[in-house]
Amino acid sequence: MTGSDPKPDFGSDRFPKPHYVPWAGLSAQDSEPWPEPLIAPDAMQPLSWDDGDPKIWQIFQTAVRDSYDLFTDVAWDELDPEAFTYEQRLGLAYWFTIDSVFEQAGTTVFARAMIGAYEEREEDGLRRMLQTIVRDEGNHDLIGKLVTQRLLPGFPYNFEPKTEMEWAAMRNVAWTQESVQRFWAGYKSAYDRYRFQVLLSSFASGEAVGTLTYGNLAKKSANPVFAQLMGYMAKDESRHFTVAAYLIRRYMPHMREDEVAAAVKNLGASYAYFSLFMASRPNPIFWGHLPDSWFQWHDKLEEHARSAGLAIASAEEKDDYWRQGLLRVKSITDQQGVEFLAIPELGIDGREMPISADDVLVVGL
Ligand SMILES: [Fe+2]
Ligand SMILES: [Fe+2]
């Protein structure tokens with residue numbers, strides 16, 4: 001593992017938050033005994049009900065307003081399996097499953113972040129806002145499940161492959177899951193290596209590209225159900241990006257140099273992580289272990305999904321979304337006077353820092 005000091009200074013308060021003990025001092029004025037105050041982070045209570053940062057509280061309220069019910073708000077009848085060829089159904093089931101692998105990972109990553117917010121006795125607004133991100137990422141995975149089970153029941157977890165393409169689709173899903181799973185140990189240990197605030201300052205890239213990717217899928221997909229579902233995801237990711245950008249501005253000025261470097265590396269490493277299906281060329285450091293056939297079948301299956309009315313971006317468009325997304329993030333770190341990571345393959349200038357899988361701290365989609 002790379003990284004800096006072990007989680008260093010819970011006692012010192014370098015980051016702005018109402019880190020406090022409610023009713024501190026009352027026990028001294030009372031003749032009856034009070035318990036000793038519990039010490040964070042090993043004790044997460046007492047928790048305050050103060051809203052906290054008004055901007056975060058407002059984003060939380062927006063998230064509540066933006067909620068949707070995938071069971072009742074979607075005209076599922078309009079997604080007719082009979083309207084597609086067999087290859088198209090397999091291609092769609094495959095694409096939504098691969099997307100869900102990343103959304104599932106995002107759900108657990110943000111669930112861990114939410115626990116971190118409780119452990120650090122963060123303000124009420126931040127804790128609740130993180131709950132809504134967990135909810136959203138879980139919904140995005142549910143979208144994948146509902147589409148896939150409608151079009152190809154059982155795929156991929158209760159499915160017996162028969163054709164060559166079915167074998168390939170399932171093998172590709174298995175490789176993707178195994179690869180994404182490798183990052184979980186890193187996510188967990190990141191909480192021992194870095195302050196919670198550093199981790200919360202490093203997930204903007206995935207949200208930025210998620211906004212652009214799903215937003216364009218919503219705009220360009222011919223099928224109205226796909227357009228509606230992608231619209232939900234784009235709206236959620238856009239809200240997540242607003243949070244991520246705000247947290248960079250809030251926390252980065254209080255970080256040590258090594259913490260800034262870790263956050264910036266993660267902002268760049270996210271590109272390599274999602275490059276598997278969201279860039280023209282998957283990053284070889286992260287994805288070089290996949291068999292060549294993975295990429296050949298992936299392209300074929302994506303093409304089938306595309307022909308079914310899901311407007312999956314071309315290789316050039318994918319890179320363009322990444323470039324735009326990362327430049328949005330870079331503009332925020334630039335404002336902080338922090339040099340962004342150089343990503344030559346996208347034509348983004350910055351600091352040359354080699355990245356490895358260990359640099360992935362927190363990624364969400
Ligand atoms: Fe997200
Ligand atoms: Fe998501």
Side-chain angles (χ1 to χ4, degrees), residues 56 59-60 62-70 73-74 95-114 116-117 126-148 176-177 180 183-184 187 199-218 221 226-248 263 266-267 269-271 273-279 310 312-313 318 321-322 324-326 328-329 332 360-365:
I56 296 284
I59 295 172
F60 161 64
T62 307
V64 172
R65 252 197 326 274
D66 283 350
S67 65
Y68 45 85
D69 181 338
L70 290 171
D73 294 345
V74 179
W95 189 88
F96 276 93
T97 302
I98 295 288
D99 189 62
S100 276
V101 170
F102 285 87
E103 295 290 359
Q104 284 171 353
T107 310
T108 50
V109 166
F110 283 108
R112 183 64 190 83
M114 188 193 75
L126 189 67
R127 301 194 318 258
R128 291 185 195 278
M129 190 278 300
L130 286 168
Q131 287 175 30
T132 66
I133 299 188
V134 179
R135 174 202 70 183
D136 296 338
E137 307 304 4
N139 273 339
H140 302 171
D141 168 42
L142 181 57
I143 284 172
K145 167 178 166 164
L146 295 176
V147 170
T148 300
T176 307
Q177 288 183 318
V180 166
F183 293 100
W184 179 243
Y187 301 146
L199 301 177
L200 278 192
S201 306
S202 45
F203 71 93
S205 301
E207 309 301 333
V209 77
T211 305
L212 289 161
T213 300
Y214 295 141
N216 278 288
L217 277 160
S221 289
F226 293 150
Q228 182 183 4
L229 296 172
M230 292 298 155
Y232 288 148
M233 303 222 282
K235 199 170 188 184
D236 290 340
E237 306 301 7
S238 162
R239 191 176 348 93
H240 302 170
F241 177 76
T242 306
V243 172
Y246 183 71
L247 293 177
I248 291 175
N266 189 65
L267 289 169
S270 307
Y271 162 66
Y273 174 78
F274 290 118
S275 66
L276 181 67
F277 73 123
M278 294 184 123
L310 181 68
I312 299 170
K318 286 179 181 179
Y321 298 159
W322 263 112
Q324 286 181 48
L326 287 176
R328 275 182 83 184
V329 178
I332 301 162
V360 174
L361 303 177
V362 171
V363 278
L365 187 56

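Read the numbers this way: they start at 1 and go in the same order the structure lists the ligands and their atoms.
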Find, among atoms of [X] that are N, O or S, the one nearest to the Fe ion (ligand 1), and state its name.
{"X": "E237", "value": "OE1"}
{"X": "E207", "value": "OE1"}
{"X": "H240", "value": "ND1"}
{"X": "E137", "value": "OE2"}

Within-4.5 Å side-chain heavy-atom neighbours: L229 and L146: no

Check whether any side-chain heavy atom of M114 lies under 4.5 Å from a side-chain heavy atom of M129, and answer yes or no. no

Could you label the plane-to-plane angle of the Y68 and Y232 rings as parallel, tilted or perpendicular, counting under 30° as parallel and over 60° as perpendicular? parallel

Describe, in one word, how the ring planes of F102 and F274 are oriented to each other, choosing from parallel (under 30°), tilted (30 to 60°) and perpendicular (over 60°). tilted

Quick one: does NZ or CZ of R328 land under 6.0 Å from the six-membered ring centre of F241, within 45 degrees of the ring axis? yes

Specify which N/O/S atom of H140 comes nearest to the Fe ion (ligand 2), by atom name. ND1

If you consider just the N/O/S atoms, which atom of E103 is the closest one to the Fe ion (ligand 2)? OE1

Let me check your reading of the structure: within less than 2.8 Å of the Fe ion (ligand 1), is there an N/O/S atom from D136? no

With a cut-off of 2.8 Å, does any N, O or S atom of D236 fall short of it relative to the Fe ion (ligand 1)? no

More than 12 heavy atoms of other residues, nucleotides or ligands under 6.0 Å from NZ of K235: is that the case? no

